[in-house]
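What follows is a single structure, written as structure tokens, with notes after it.
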Number of protein chains: 2
Amino acid sequence: MNKNKLFQQFVRFTTSVHQVTYDMTKEIRIENVTTVQYKILELITVSQPVTLSEISECLHLSLPNASRELKKLIQYQLCEKIIDPNDRRKFDIRLTEEGTVLMNKVFQQLEINFQERINNLSEPELKEIQNAFEILQTKFFA
Amino acid sequence: MNKNKLFQQFVRFTTSVHQVTYDMTKEIRIENVTTVQYKILELITVSQPVTLSEISECLHLSLPNASRELKKLIQYQLCEKIIDPNDRRKFDIRLTEEGTVLMNKVFQQLEINFQERINNLSEPELKEIQNAFEILQTKFFA
DNA sequence: TCGTTTAGTTATCTTTTGATAACTAAATAG
DNA sequence: CTATTTAGTTATCAAAAGATAACTAAACGA
């Protein structure tokens, strides 16, 4: 196996992934919510409940900056803190009712964009793609 | 095929890709070069020669902002304009000697990071990965 | 030739993001 | 019980990135 060729393929591939995910999300813009704030919402949505430290780590934000941005999302009533009874320094963060409704809409739109992309593919092709996701996820992007 | 499951797999997958590419590039920091400027350098490197409009479009920068950032890269002598003789409004952008040396180093480092990731994989696994890249690139992220 | 479009520039302003210091309050460890 | 660590906050400053208006100069089209 030519590992340099594989590397070049990897570079092209990741570029495409970034391009496509950008295109799929670019139309999604929530009022008053900046890019970073949206990323936080996305993270909460998929791994709720989450602590501030986790947000900070996953999104590579300093704790002060994560705290500041979260504060705004709480002001907008899109998420809320639930203090951990076992450790009152910590708290879990969840979407509010309103935030849940909003993020459901967002993910529905995302899924529509996704379905459009795979619309013209045959059943065996879909199987291939599923398989490819799985292989890369477990063996490379683990 | 359960398309909703596939969508969820896609979401997890793209998250991982972003995570891994972030980790692989985070240590790379060129003096005085900001994130956007680095993105521009990367683009020039892989698709040289390139026009300002192409940079603007590919990186989703307005033309004025792209122009401003490019100007700085030219000041740092990392790239240069080559005016198109057929259309003197346009120009091609290329890396300078110095820029080429720098970006070679960057890509070498990237490749080292990449090789480390695939180090523990067997030859058949590498083949699988190569195949997975190819399928996703041609059938999904095209 | 003249108006229009294209490609890019310059200047300016705002918003967003990043960094850091100094802080509180709770938990934990010796 | 005290010292330290952990988890997060608040305030402040600086840098980066985004948006827009007004511009130049070349090319193009009728």
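A quick note: this is a predicted structure, and the numbers were derived from the prediction, not measured. Below, chain A is the first sequence line, B the second, and so on; all start at residue 1.
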Euclidean distance, atom [atom1] of residue [X] to atom [atom2] of [N] [Å, nearest integer]:
X: A:Leu63; N: C:dA19; atom1: CG; atom2: P; result: 14 Å
X: B:Arg68; N: D:dT20; atom1: CZ; atom2: P; result: 14 Å
X: B:Asn86; N: C:dT6; atom1: CG; atom2: C1'; result: 15 Å
X: B:Glu69; N: D:dA19; atom1: CD; atom2: C1'; result: 14 Å
X: B:Gln37; N: D:dA16; atom1: CD; atom2: P; result: 8 Å
X: A:Leu73; N: C:dT16; atom1: CG; atom2: C1'; result: 14 Å
X: B:Lys71; N: D:dA17; atom1: NZ; atom2: P; result: 17 Å
X: A:Asp84; N: D:dT6; atom1: CG; atom2: C1'; result: 13 Å

Over 12 non-hydrogen atoms of neighbours within 6.0 angstrom of CD1 in B:Ile83: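 No, because the 6.0 Å sphere around CD1 of B:Ile83 holds 12 heavy atoms or fewer from other groups.
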With A:Cys79, the side-chain contact (heavy atoms from CB on, under 4.5 Å) member among A:Val50, A:Thr45, A:Ile93, A:Ile40: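 Running side-chain contact (heavy atoms from CB on, under 4.5 Å) over A:Val50, A:Thr45, A:Ile93, A:Ile40 with A:Cys79 returns exactly one hit, A:Ile93.
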Per [X] side chain, nearest of listed nucleotides [options]:
X: B:Asp87; options: D:dG8, C:dG18, D:dA27; value: D:dA27
X: B:Lys81; options: C:dA19, C:dT12, C:dG8; value: C:dG8
X: A:Leu52; options: C:dT17, C:dT10, D:dT9; value: D:dT9

Check: B:Arg88 side chain, C:dG8 base, donor-acceptor under 3.5 Å: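 Checked by distance alone, the answer is no.
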So does [X] get a side-chain nitrogen or oxygen closer than 4.0 Å to the phosphate oxygens (OP1/OP2) of [N]?
X: A:Ser56; N: D:dG8; result: no
X: A:Ser62; N: C:dA19; result: no
X: B:Ser53; N: C:dT6; result: no

5′-ward residue of the pair A:Lys72/A:Pro85 relative to DNA chain C: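 That would be A:Lys72.
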Along DNA chain D (nearest heavy atom to each residue), the more 5'-positioned of A:Arg89 and A:Pro64: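 The answer here is A:Arg89.
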Toward the 5' end of DNA chain D, by each residue's nearest nucleotide, B:His60 or A:Asn65: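 Taking each residue's closest nucleotide, the earlier one in sequence belongs to A:Asn65.
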Any A:Ile30 side-chain heavy atom under 4.5 Å of A:Tyr76 side chain: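 In short, these two side chains do not touch, never coming nearer than 4.5 Å.
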Any B:Val11 side-chain heavy atom under 4.5 Å of A:Phe114 side chain: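 Sidechains of A:Phe114 and B:Val11: no contact.
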Short N-O contact, A:Arg94 and A:Glu80, less than 4.0 angstrom: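 No, A:Arg94 and A:Glu80 are not salt-bridged.
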